[in-house]
Amino acid sequence: MGESGVVETLGWAAQDKSGHLAPFKFTRRATGPHDVKMKVTYCGICHSDLHQIRNDWRGSVFPMVPGHEVVGVVKEVGSEVDDFKVGQLIGVGCMVHSCHSCESCDNGLEQFCPKVVWTYNSVDTDGTPTYGGYSGELVCNRKFVLRMPENLPPDAAAPLLCAGITVYSPMKHFGMTEKGKSFGLVGLGGLGHMAVKFAKAFGLKVTIFSTSPAKEKEARGILGADEFILSTDKEKMKAAEKTIDYIIDTVSAVHTLDDYLALLKTNGKIILVGVPESPLQLSPTSVIFGRRFVGGSLIGGVAETQEMLDFCGKNNITCMIEKIPMSYVNTAMERLQKNDVKYRFVIDIENTLTSE
Ligand code: NAP
Ligand code: ZN
Ligand code: ZN
């Protein structure tokens with residue numbers, strides 16, 4: 001398939017840190033020899049999109065077209081691309097470029113490359129801003145294009161591209177896969193519910209620590225959690241102390257780490273993936289007694305993301321989503337802020353992207 005020129009694309013952008021999203025026209029670069037052009041069909045709404053449109057992390061550049069859980073079909077491939085075909089179902093996650101010659105890239109950890117280009121709110125190699133998946137089309141170097149499993153519904157698979165890999169990667173890297181071990185999940189949101197699904201697939205005993213009583217029934221019933229503990233229930237939290245081997249903490253707001261460290265057995269680990277807007281407090285004694293470990297993790301590399309997608313295809317793992325039209329996006333952001341979604345909003349871009 002040949003390479004065509006620059007195209008005007010419709011997206012929805014925030015113009016300032018009010019975070020209000022509205023139609024916005026911009027151009028996508030011509031499909032280069034190593035590029036794939038995608039017609040976007042679905043895009044998940046990650047809590048990071050909300051942090052970024054509201055400048056929570058203080059690095060936002062406007063106008064900003066968010067979206068890094070992007071699923072679609074190949075519309076065109078560059079002359080050097082021979083492993084993707086027009087019409088194929090593909091995905092793009094949080095990254096669109098890296099150097100491919102540094103130690104991180106050599107180790108399949110493109111997310112730590114000093115030259116990584118994020119899917120949006122980043123500067124592309126040609127100096128132009130990157131714009132994300134709340135848009136009709138996306139052009140991406142083929143090295144960052146993922147094959148979506150054909151057996152999974154693409155809307156429910158879209159959030160795997162960030163929410164899925166962000167919990168899968170630390171679970172694999174930190175050895176949270178030993179059958180029968182006790183796994184704790186803090187914060188049952190988009191990332192959290194995927195961690196529960198992976199933990200069950202790995203054969204772990206799962207305890208969810210949540211602030212939302214309304215999530216208990218589904219957490220036990222549909223997600224199959226073995227225990228559900230309200231973090232506000234002091235007695236139950238006390239009784240759960242020193243019972244958990246490892247925890248993933250996905251909480252998007254400031255919270256106390258010591259309460260969760262107390263849950264860990266000796267040598268237990270807690271891995272932080274949530275990114276609250278301010279630092280968290282931690283008492284050294286909470287880690288000293290019990291030789292506990294606090295770590296962190298950022299999405300996952302390209303090869304591992306493909307491995308995770310293939311794992312989900314094989315094990316029929318998808319996300320629980322609420323599909324919304326583009327025009328609902330600002331309401332969805334308000335609801336996400338209020339912790340009112342089970343468990344991921346996904347925008348039906350293909351059928352509902354409008355210029356008003
Ligand atoms: P989400 O769907 O909003 O889930 C966050 C969960 O945290 C909520 O469902 C809620 O769970 C809990 N929570 C929210 N406010 C809380 C509060 N004030 N106190 C205690 N718990 C609270 O968000 P998400 O999309 O999963 O993202 C979670 C965080 O991870 C965000 O900060 C996001 O930016 C970050 N993130 C990081 C990476 C990475 O690579 N490290 C990648 C993607 C996202 P309960 O109702 O169960 O309490
Ligand atoms: Zn994300
Ligand atoms: Zn690199």
Side-chain angles (χ1 to χ4, degrees), residues 43-54 56-57 66-70 93-95 97-121 132-133 143 158-170 185-196 208-216 218-219 223 225 228-232 248-257 259-260 271-278 280 295-302 305 319-322 332-333 335-345:
C43 188
I45 299 183
C46 179
H47 204 115
S48 301
D49 299 347
L50 179 59
H51 287 303
Q52 300 240 63
I53 58 173
R54 300 209 172 152
D56 282 351
W57 300 334
H68 58 206
E69 295 179 337
V70 200
C94 300
M95 303 178 280
H97 177 82
S98 73
C99 83
H100 301 295
S101 59
C102 71
E103 197 174 329
S104 295
C105 286
D106 284 349
N107 290 324
L109 297 168
E110 295 86 356
Q111 71 272 36
F112 302 122
C113 171
K115 294 192 175 155
V116 67
V117 177
W118 307 111
T119 305
Y120 69 88
N121 199 39
K143 288 192 171 150
L160 296 174
L161 293 158
C162 177
I165 187 59
T166 300
V167 292
Y168 179 90
S169 181
L185 181 271
V186 187
L188 187 59
L191 271 55
H193 92 291
M194 290 316 301
V196 172
I208 295 174
F209 299 92
S210 172
T211 60
S212 307
K215 292 180 183 172
E216 175 163 4
E218 233 168 42
L223 292 170
F228 183 97
I229 296 179
L230 280 177
S231 45
T232 45
I248 296 265
D249 178 347
T250 74
V251 175
S252 52
V254 175
H255 57 292
T256 319
L257 278 184
D259 298 348
Y260 300 106
I271 305 303
L272 310 179
V273 291
V275 190
E277 55 184 285
S278 309
L280 304 183
S297 191
L298 176 67
I299 50 172
V302 178
T305 305
C319 312
M320 287 172 71
I321 63 163
E322 180 176 338
M333 289 294 182
R335 285 182 50 196
L336 184 57
Q337 178 70 41
K338 289 189 295 197
N339 192 10
D340 174 23
V341 52
K342 288 179 188 166
Y343 290 91
R344 201 53 138 195
F345 289 114

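Ligands are counted one by one from 1 in listed order, and the atoms in each one are counted from 1 as well.
- Rounding to the nearest 0.5 Å gives a distance of 10.0 Å between CZ of R344 and CG of L160.
- Using bins of under 30°, 30° to 60° and over 60° for the plane-to-plane angle, the ring pair H97/H100 lands in the perpendicular bin.
- Nearest heavy-atom pair, V273 versus S297, reported as atom, atom and distance to 0.1 Å: CG1-O, 3.7 Å.
- Between the Zn ion (ligand 2) and the N, O or S atoms of H68, the shortest distance is to NE2.
- Y260 and F209 have perpendicular rings, their planes meeting at more than 60° on a 0 to 90° scale where under 30° would count as parallel.
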Ligand 1: which protein N/O atoms lie under 3.5 Å from its N/O atoms?
{"unit_1": "ligand 1", "atom_1": "2 (O)", "unit_2": "G190", "atom_2": "N", "d": "2.8"}
{"unit_1": "ligand 1", "atom_1": "3 (O)", "unit_2": "H47", "atom_2": "ND1", "d": "2.6"}
{"unit_1": "ligand 1", "atom_1": "9 (O)", "unit_2": "L188", "atom_2": "O", "d": "3.4"}
{"unit_1": "ligand 1", "atom_1": "9 (O)", "unit_2": "G189", "atom_2": "N", "d": "3.4"}
{"unit_1": "ligand 1", "atom_1": "9 (O)", "unit_2": "K215", "atom_2": "NZ", "d": "3.1"}
{"unit_1": "ligand 1", "atom_1": "9 (O)", "unit_2": "N339", "atom_2": "OD1", "d": "3.1"}
{"unit_1": "ligand 1", "atom_1": "11 (O)", "unit_2": "L188", "atom_2": "N", "d": "3.1"}
{"unit_1": "ligand 1", "atom_1": "23 (O)", "unit_2": "H47", "atom_2": "ND1", "d": "3.4"}
{"unit_1": "ligand 1", "atom_1": "25 (O)", "unit_2": "H47", "atom_2": "N", "d": "3.0"}
{"unit_1": "ligand 1", "atom_1": "25 (O)", "unit_2": "R344", "atom_2": "NH1", "d": "2.6"}
{"unit_1": "ligand 1", "atom_1": "26 (O)", "unit_2": "G190", "atom_2": "N", "d": "3.4"}
{"unit_1": "ligand 1", "atom_1": "26 (O)", "unit_2": "L191", "atom_2": "N", "d": "2.9"}
{"unit_1": "ligand 1", "atom_1": "32 (O)", "unit_2": "H51", "atom_2": "NE2", "d": "2.8"}
{"unit_1": "ligand 1", "atom_1": "32 (O)", "unit_2": "V275", "atom_2": "N", "d": "3.0"}
{"unit_1": "ligand 1", "atom_1": "34 (O)", "unit_2": "S48", "atom_2": "OG", "d": "2.8"}
{"unit_1": "ligand 1", "atom_1": "34 (O)", "unit_2": "H51", "atom_2": "NE2", "d": "3.4"}
{"unit_1": "ligand 1", "atom_1": "40 (O)", "unit_2": "I299", "atom_2": "N", "d": "2.7"}
{"unit_1": "ligand 1", "atom_1": "41 (N)", "unit_2": "V273", "atom_2": "O", "d": "2.9"}
{"unit_1": "ligand 1", "atom_1": "41 (N)", "unit_2": "S297", "atom_2": "O", "d": "2.9"}
{"unit_1": "ligand 1", "atom_1": "46 (O)", "unit_2": "S212", "atom_2": "OG", "d": "2.5"}
{"unit_1": "ligand 1", "atom_1": "46 (O)", "unit_2": "K215", "atom_2": "NZ", "d": "2.7"}
{"unit_1": "ligand 1", "atom_1": "46 (O)", "unit_2": "N339", "atom_2": "ND2", "d": "2.9"}
{"unit_1": "ligand 1", "atom_1": "47 (O)", "unit_2": "L188", "atom_2": "N", "d": "2.8"}
{"unit_1": "ligand 1", "atom_1": "47 (O)", "unit_2": "S210", "atom_2": "OG", "d": "2.6"}
{"unit_1": "ligand 1", "atom_1": "48 (O)", "unit_2": "T211", "atom_2": "N", "d": "2.8"}
{"unit_1": "ligand 1", "atom_1": "48 (O)", "unit_2": "T211", "atom_2": "OG1", "d": "2.6"}

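- Taking a cutoff of 4.0 Å between a charged side-chain nitrogen and a carboxylate oxygen, R54 and E277 do not qualify as a salt bridge.
- Expressed to the nearest 0.5 Å, how far OG1 of T250 lies from CD1 of I271 amounts to 13.5 Å.
- Going from atom CE of M320 over to atom CE of M194 covers 11.0 Å, rounded to the nearest 0.5 Å.
- Atoms CZ and CE, from F345 and M333 in turn, are 9.5 Å apart once rounded to the nearest 0.5 Å.
- In summary, C162 places an N/O/S atom under 2.8 Å from the Zn ion (ligand 2), meeting the contact criterion.
- Side-chain N or O atoms of N107 include none that pairs as donor or acceptor with a backbone N or O of L109 at under 3.5 Å.
- In summary, E110 and K143 do not engage in a salt bridge, as defined by a charged side-chain N under 4.0 Å from a carboxylate O.
- Around the Zn ion (ligand 3), the protein atoms of type N, O or S that sit closer than 2.8 Å are C99 SG, C102 SG, C105 SG, C113 SG.
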